[in-house]
There are 2 protein chains.
Amino acid sequence: MPATIKDIAHQAGVSLSTVSRVVNGKALRYRISKETEAKILQVAKDLHYSPNQLARGLRLKKTLLIGLVIPDISNPFFAHITKRIQNLAHQKGYSLIVCDTDENLYLEIEHIDLLMSKGIDGLILMPVGQESQHLQPLIQRTFPLVLLDRCFEDIDSISVLVDDYQGAFDAVSHIIEMGHRRIAIIQGLPGTSTSSNRLRGYQDALLKNNLEIDADLIVGSDFRAENGYIETKILLHAPNRPTALFTTSDLITLGALEAIHEEKLVIPQDISLVAFDDIDFAPYLSSPLTTVSQPKKIMGEIAVKMLIDAIITHRVSAQKIVLKPQLIVRNSVRRLGDGH
Amino acid sequence: MPATIKDIAHQAGVSLSTVSRVVNGKALRYRISKETEAKILQVAKDLHYSPNQLARGLRLKKTLLIGLVIPDISNPFFAHITKRIQNLAHQKGYSLIVCDTDENLYLEIEHIDLLMSKGIDGLILMPVGQESQHLQPLIQRTFPLVLLDRCFEDIDSISVLVDDYQGAFDAVSHIIEMGHRRIAIIQGLPGTSTSSNRLRGYQDALLKNNLEIDADLIVGSDFRAENGYIETKILLHAPNRPTALFTTSDLITLGALEAIHEEKLVIPQDISLVAFDDIDFAPYLSSPLTTVSQPKKIMGEIAVKMLIDAIITHRVSAQKIVLKPQLIVRNSVRRLGDGH
DNA sequence: ATAGATTGCTCAATCGTTTGTTCATATTAT
DNA sequence: ATAATATGAACAAACGATTGAGCAATCTAT
């Protein structure tokens with residue numbers, strides 16, 4: 001078992017408080033003599049002393065722990081964000097408790113409660129997004145909270161977001177410019193800010209180009225690969241098959257690719273595809289994917305900075321920071337003749 | 001601020017100990033009357049009581065926290081393992097502190113120290129792998145530790161591994177069967193168990209087929225994408241260019257793909273490729289990748305189970321659990337005529 | 001020489017829980 | 001009626017660290 005401050009005090013023949021002050025670098029402020037300080041430091045080193053963070057956290061009411069609640073860490077988009085967050089957090093002295101909700105609201109609530117009882121100093125939350133009731137208590141306590149990627153209308157917190165509307169608008173506009181008229185969108189979880197903004201972007205791009213919105217081409221119910229697979233399967237067998245697909249997450253894209261592959265169709269010859277979330281392998285797919293790329297690292301970085309600032313100042317000033325996505329045109333959209 | 005046991009005691013008009021016993025479900029054992037119990041439970045609910053885990057951990061000397069130290073969480077292989085680990089850990093009541101070492105030994109050491117001072121109950125470590133000195137103290141204390149994916153000769157701990165030798169042997173044997181003679185391997189970090197076992201598998205497959213080992217075809221120095229890119233670039237420009245590449249991690253594969261793509265070469269016509277770590281997108285690459293697939297979920301699952309068992313029994317019986325990888329043949333290796 | 005300031009450190013309370021021990025009161029037995 | 005037992009709950013120490021207040025001993029000033 002690790003050495004405690006008591007062990008050091010004993011061995012150095014001083015009191016607990018003196019040891020505490022020395023190991024916390026407050027020797028000067030509390031007028032501890034150089035000799036005593038040196039001795040204590042030596043003993044501490046000999047005993048491999050490392051402060052018990054539980055005791056410290058209990059006393060100081062801060063743990064240098066921050067919670068990260070994330071819908072799916074095996075999703076490369078989230079994995080990259082997580083990496084940057086953990087990186088920067090560690091640099092700033094904080095450790096990360098990571099919780100994966102699997103896009104499940106109840107798990108999200110459970111995880112948040114658990115994190116709070118562990119005494120986290122702050123929370124970065126990428127919410128499932130359908131419900132925000134459970135966040136009210138945090139907001140009221142002005143607990144340091146940063147919402148990332150998805151936000152809520154009715155929650156006044158720090159939010160770091162991507163302009164999903166613009167991303168979708170650009171993507172669909174590009175598809176239209178390439179001559180497509182029947183464009184399907186495979187949505188993620190309806191009701192979440194990301195989904196509804198992407199849907200609005202899709203719709204507005206159609207309207208602006210005088211194309212009508214066909215409800216049959218608006219499908220999808222969640223962000224999982226299965227959703228992408230199922231909806232693509234159905235779309236590809238529809239009587240009036242769309243010529244292009246807009247998949248709104250990388251997992252949906254994965255499922256869509258599987259379905260397209262199974263149907264022995266080739267991108268972009270047989271079906272065009274534009275995806276959201278730029279995955280590392282996008283350039284090397286059988287047809288390099290045209291995608292909307294999100295600034296993952298920046299998102300993580302800003303989230304951590306905002307959070308730690310809120311923790312330190314203990315002022316939470318609600319604000320939405322919106323980052324711009326970027327359309328990366330590769331080769332997954334076929335150019336159709338105007339007559340088509 | 002959250003309600004404490006004291007608040008409940010006050011409001012219910014009982015002592016702290018009684019509240020503690022009730023909320024811990026020990027009412028019966030300590031003969032607390034039904035009425036008192038009911039009252040306390042009610043007050044606890046009203047106040048949204050949740051035990052302070054710091055205080056609890058301090059007193060009980062356990063935190064229900066486990067550490068996960070991982071080389072690169074944005075690597076899909078590790079991300080999938082992490083997901084399974086966090087999942088199962090949570091099911092069993094443990095939370096995960098995740099630390100990313102970026103394949104850096106010094107960061108690894110730093111993270112482990114930090115985790116220990118946070119009072120984690122156990123540690124799952126996917127080590128950088130070159131050094132094991134820093135683990136000796138843990139082993140000596142019989143601290144619950146599980147080594148995952150990479151192990152050490154000189155460390156007697158619980159290890160959950162994949163038979164890297166067999167995986168590499170199968171992969172290279174397959175390439176040879178397809179008629180290739182000049183096969184390059186791009187290694188990860190030399191000296192790590194995964195790298196050296198994969199290299200041995202590669203060499204033995206060659207030897208068994210009476211092919212000589214060409215030192216020029218054994219390249220690579222770490223698991224990053226840049227390594228894959230650089231080594232592939234060089235190999236493709238070598239005077240006697242190999243006809244096939246064996247990339248030993250998914251990030252290396254990513255880099256190799258980038259280089260091949262840049263050189264405007266096509267897989268498998270111009271160059272053949274077999275990869276380690278089966279990534280989700282492997283089937284949808286311009287040529288579906290033949291890869292050695294590792295049982296990621298199983299690895300995570302076993303690691304957690306072994307760890308929690310060690311934590312609970314507080315017995316650490318060193319053992320190596322080795323899982324079988326599987327060669328998945330797709331279409332990234334060209335069949336060469338025997339004359340070639 | 002004595003009051004006052006300075007130096008160098010210790011005391012003791014506190015953070016929120018847990019748990020062995022103790023102590024009234026109520027119940028039963030004799 | 002009194003001793004013995006059972007019942008229901010409170011007391012207090014402990015986990016390891018932090019920190020305001022306190023207290024000798026030494027030094028400075030008059």
Side-chain angles (χ1 to χ4, degrees), chain A residues 1-41 43-44 47-65 113-114 116-121, chain B residues 1-41 43-44 47-65 93 114 116-121:
Chain A
M1 39 224 55
T4 72
I5 234 174
K6 203 173 182 177
D7 300 327
I8 302 180
H10 250 109
Q11 190 159 332
V14 295
S15 74
L16 301 190
S17 23
T18 307
V19 176
S20 170
R21 277 158 180 151
V22 167
V23 297
N24 282 296
K26 298 182 182 167
L28 235 161
R29 196 188 330 163
Y30 284 94
R31 306 181 308 245
I32 312 287
S33 68
K34 283 288 166 215
E35 304 90 66
T36 316
E37 180 179 16
K39 181 163 194 184
I40 290 175
L41 253 20
V43 175
L47 263 39
H48 294 106
Y49 172 73
S50 162
N52 179 320
Q53 298 295 343
L54 284 179
R56 209 150 188 280
L58 182 59
R59 180 65 228 248
L60 297 180
K61 290 182 172 306
K62 60 173 193 167
T63 53
L64 296 179
L65 238 32
D113 282 352
L114 198 60
M116 295 307 296
S117 79
K118 300 246 178 222
I120 53 170
D121 291 343
Chain B
M1 39 224 56
T4 74
I5 236 176
K6 202 173 183 177
D7 300 326
I8 301 181
H10 250 109
Q11 190 159 333
V14 295
S15 76
L16 300 190
S17 26
T18 306
V19 176
S20 170
R21 278 160 178 149
V22 167
V23 298
N24 281 298
K26 297 183 183 166
L28 233 160
R29 195 182 337 159
Y30 284 94
R31 307 183 308 246
I32 311 286
S33 67
K34 284 287 165 215
E35 304 90 67
T36 317
E37 181 179 16
K39 180 163 193 183
I40 290 175
L41 253 21
V43 174
L47 263 40
H48 295 105
Y49 173 73
S50 163
N52 179 320
Q53 298 294 344
L54 285 178
R56 206 148 191 282
L58 182 58
R59 177 68 225 247
L60 263 28
K61 288 183 174 306
K62 62 175 192 165
T63 52
L64 295 179
L65 238 33
L114 199 59
M116 295 307 295
S117 80
K118 299 248 179 219
I120 53 170
D121 291 342

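Only this structure's heavy atoms are used, side chains among them; waters, hydrogens and symmetry mates stay out. Proteins get letters first, then strands, A, B, ... in listed order; numbering begins at 1 in each.
T4(A) has no side-chain polar atom (N or O) that falls below the 4.0 Å cut-off from OP1 or OP2 of dC15(D). Considering only side-chain N and O atoms, Y30(B) lies under 4.0 angstrom from the phosphate OP1 or OP2 of dG20(C). Taking only side-chain nitrogens and oxygens, K61(A) never comes nearer than 4.0 Å to OP1 or OP2 of dT14(C).
With rounding to the nearest 0.5 angstrom, the NZ atom of K118(B) is 9.5 Å from the CZ atom of R56(A).
When rounded to the nearest whole Å, the span between CG of N52(B) and P of dC15(C) equals 12 Å. What separates CG of N24(A) from P of dG20(D) is a distance of 13 Å, to the nearest Å. Between the CG atom of L16(A) and the P atom of dG16(D) there is a distance of 11 Å, given to the nearest Å. Whole-Å rounding puts the K118(B) NZ to dA17(D) P distance at 14 Å. In this structure, CG of L64(B) is placed 14 Å from C1' of dT17(C), rounded to the nearest angstrom. Rounded to an integer number of Å, the gap from L54(A) CG to dC15(D) P is 14 Å. In this structure, the CD1 atom of I32(B) is 13 Å from the P atom of dT19(C), given to the nearest Å. One can place NZ of K26(A) at 16 Å from C1' of dC9(C), the figure rounded to the nearest angstrom.
Contact annotation for G13(B): backbone-only contact, meaning every heavy-atom pair under 4.0 Å involves sugar-phosphate atoms and none involves a base. Residue-level contact check: V14(A) touches the backbone only, with heavy atoms under 4.0 Å from sugar-phosphate atoms and none from bases.
Set against dT17(C), dT19(D), dC15(C), the side chain of K6(B) has dC15(C) as its closest nucleotide. Of all nucleotides listed (dG16(C), dG20(D), dG8(D)), dG8(D) comes nearest to the side chain of S33(B). Candidate nucleotides dG16(C), dT21(C), dA9(D) were compared by shortest atom distance to the side chain of R21(B), and dT21(C) ranks first. Listed candidates were dT10(C), dT17(C), dT19(C). Nearest to the side chain of L60(B) is dT19(C).
Evaluation of atom-type donor-acceptor distances gives no pair under 3.5 Å for the side chain of R29(B) against the base of dG8(D). Counting distance only, with no hydrogens placed and no angle test, the side-chain atoms of S17(A) and the base atoms of dC11(C) include a donor-acceptor pair under 3.5 Å.
With 3.5 Å as the limit, one finds a donor-acceptor pair spanning the side chains of T18(A) and S15(A). A donor-acceptor pair shorter than 3.5 Å cannot be found between the side chains of S17(A) and S20(A).
Between T18(A) and R56(B), the residue anchored nearer the 5' end of DNA chain C, judged by the nucleotide with its closest heavy atom, is T18(A). Checking L58(B) against K34(B), the closest nucleotide of DNA chain D that is more toward the 5' end is the one next to K34(B). For the pair R31(A) and P51(B), nearest-nucleotide mapping onto DNA chain C gives the more 5' position to R31(A).
The side-chain heavy atoms of I8(A) and V14(A), taken from C-beta on, include no pair separated by under 4.5 Å. With a 4.5 Å cut-off on side-chain heavy atoms, V22(B) and L41(B) count as touching.
D7(B) places a side-chain N or O within 3.5 Å of a backbone atom of T4(B) that can act as its donor or acceptor partner.
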